[in-house]
Amino acid sequence: MIEFRVGADDFDAADLIARLEALGGGAVASFTGIVRGDDGLVSMRLDHYPAMTSAQISTLIDKAMERWPLLGVAVIHRVGLLSPGDRIVFVGTASRHRAAALEACGYLIDWLKTSAPFWKKEVFADGTARWVQARAEDDAARDRWG
Amino acid sequence: MIEFRVGADDFDAADLIARLEALGGGAVASFTGIVRGDDGLVSMRLDHYPAMTSAQISTLIDKAMERWPLLGVAVIHRVGLLSPGDRIVFVGTASRHRAAALEACGYLIDWLKTSAPFWKKEVFADGTARWVQARAEDDAARDRWG
Amino acid sequence: METLNILYFAWVREAIGKDGEQIEHPGAEMRIIDLIAMLKEKGAGYAEAFANPEKLRAAIDHAFVPLDCVLGHASELALFPPVTGG
Amino acid sequence: METLNILYFAWVREAIGKDGEQIEHPGAEMRIIDLIAMLKEKGAGYAEAFANPEKLRAAIDHAFVPLDCVLGHASELALFPPVTGG
């Protein structure tokens, strides 16, 4: 099972996890990223570069499957207007081995954050808006995968 | 949110994840272990030492919460008779930081496997049964947490 | 009389044929490994369960302890194989 | 005439006021950084978007490349800030 989607629609994390569980591997890991309502954030807009996003996520999934014995990978990334509490991103992995499932999940989210062309703009209650700045610690998290 | 349960009943992983997502942290990680139907396995029985199980899991959750800034932890472990495809164990974590959520999830499952008093007995299609042997690699996985 | 509750799990329980038993406390200075050697003499099931002490693990009052630990004033001793949950 | 499609994203797009544009291909030997310097002269929005090239990232035909890369025969160049998804 390989599934990736980029789009405006919300997704059913429970259904994705259930399908990863059904692959018979014994180990399913998942990560979900949710919009935080910190500092008076009222909404977030996610832009992306569609052709490149697809290419990058597809490559990323291939790399994860080469590196770990995975039975299934699901990567979902939302774009467009989101509110606090909305899911932004989901990564799910299934393997026969728990370490493989967990590590691949961490690898995919670290790389997604630094190599998939998404950009977040935050809008606050006072009317201000700002583009989120990339963080050096995200690059560091990615780089630990070698 | 701190939730742990040990019992014969199945659990709703989706509901647990939804509740972890609702904590506002922005990052939710989960691991689910499922009974594999390898080698003609038809059922698995999980025994445990109830008073000690509760004490160990509670201690484990405390340690994880000291080590990482977690907003929520859920640990569910089933006991009794299970079939291939059944969930055995669930660990879910919520944090403001994805690394904290993912690492704490890995820490909890590694320690659960080596320090919570559960024992698995496998029953096969040919009528044989055997107690699962502890694996050195599980101890190694635990020990990497220092 | 001080007593000690001994609990058995997994194949230790199966070999001995019971979940546990209450015995007269053998004294605070008694090491678990020496108690195991005594229990081993109680019958064929015990002899089987305790044939290889290196395959056994122990907990005193719900905490893992090495087999060369003394009992102290523990009220509950559990003997079992290495754990295999998760 | 060979053409180059340039795409802008995030605050680069906002400053310039458009998603992208098609230009006459400036040549295979042209480095991205030098093309940026040329684009910067096209108006106030461009000047703002390209004021600090070290804040920019680029992709040629959907692959990240350093700004000192030459265009080659690329048909699509994207200019944008460091990514912030996930």
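Because the structure is predicted, anything quoted here is derived from the model rather than measured. Every chain is numbered from 1 and lettered A, B, ... according to where its sequence line falls, protein lines coming before strand lines.
If you run ring pair (Phe, Tyr, Trp, His ring centres under 6.0 Å) between D:Phe9 and each of A:Phe118, A:Trp131, A:Tyr49, only A:Tyr49 comes through.
Taking chain D as the reference chain and counting heavy-atom pairs below 4.5 Å, the highest number among A:Gln56, A:Met52, A:Arg45 is found for A:Met52.
Heavy-atom distances place no part of A:Thr53 under 4.5 Å from chain D, backbone and side chain included. Only the side chain of A:Lys121 comes within contact range of chain D, with at least one heavy atom under 4.5 Å from a heavy atom of that chain.
When the heavy atoms of residues 39-52 of chain D are compared with those of chain A, none of the residues falls under 4.5 Å. Taking 4.5 Å as the heavy-atom cut-off, the residues of residues 53-79 of chain D that approach chain A are D:Ala59, D:His62, D:Ala63, D:Phe64, D:Glu76, D:Ala78, ordered by number. At a heavy-atom cut-off of under 4.5 Å, chain A is reached by no residue from residues 30-37 of chain D. For a heavy-atom cut-off of 4.5 Å, chain A lies close to D:Arg13, D:Glu14 in residues 12-28 of chain D.
Of all non-hydrogen atoms in A:Val89 and D:Gly86, the two that sit nearest each other are CG1-C, 3.6 Å. Minimum heavy-atom separation, A:Ala116 to D:Val83: O-CB, 3.3 Å.
Using a 4.5 Å cut-off on side-chain heavy atoms (C-beta onward), A:Trp119 and D:Thr84 make contact.
Within the model, atoms CD of A:Gln133 and CH2 of D:Trp11 stand 9.0 Å from one another, a figure rounded to the nearest 0.5 Å.
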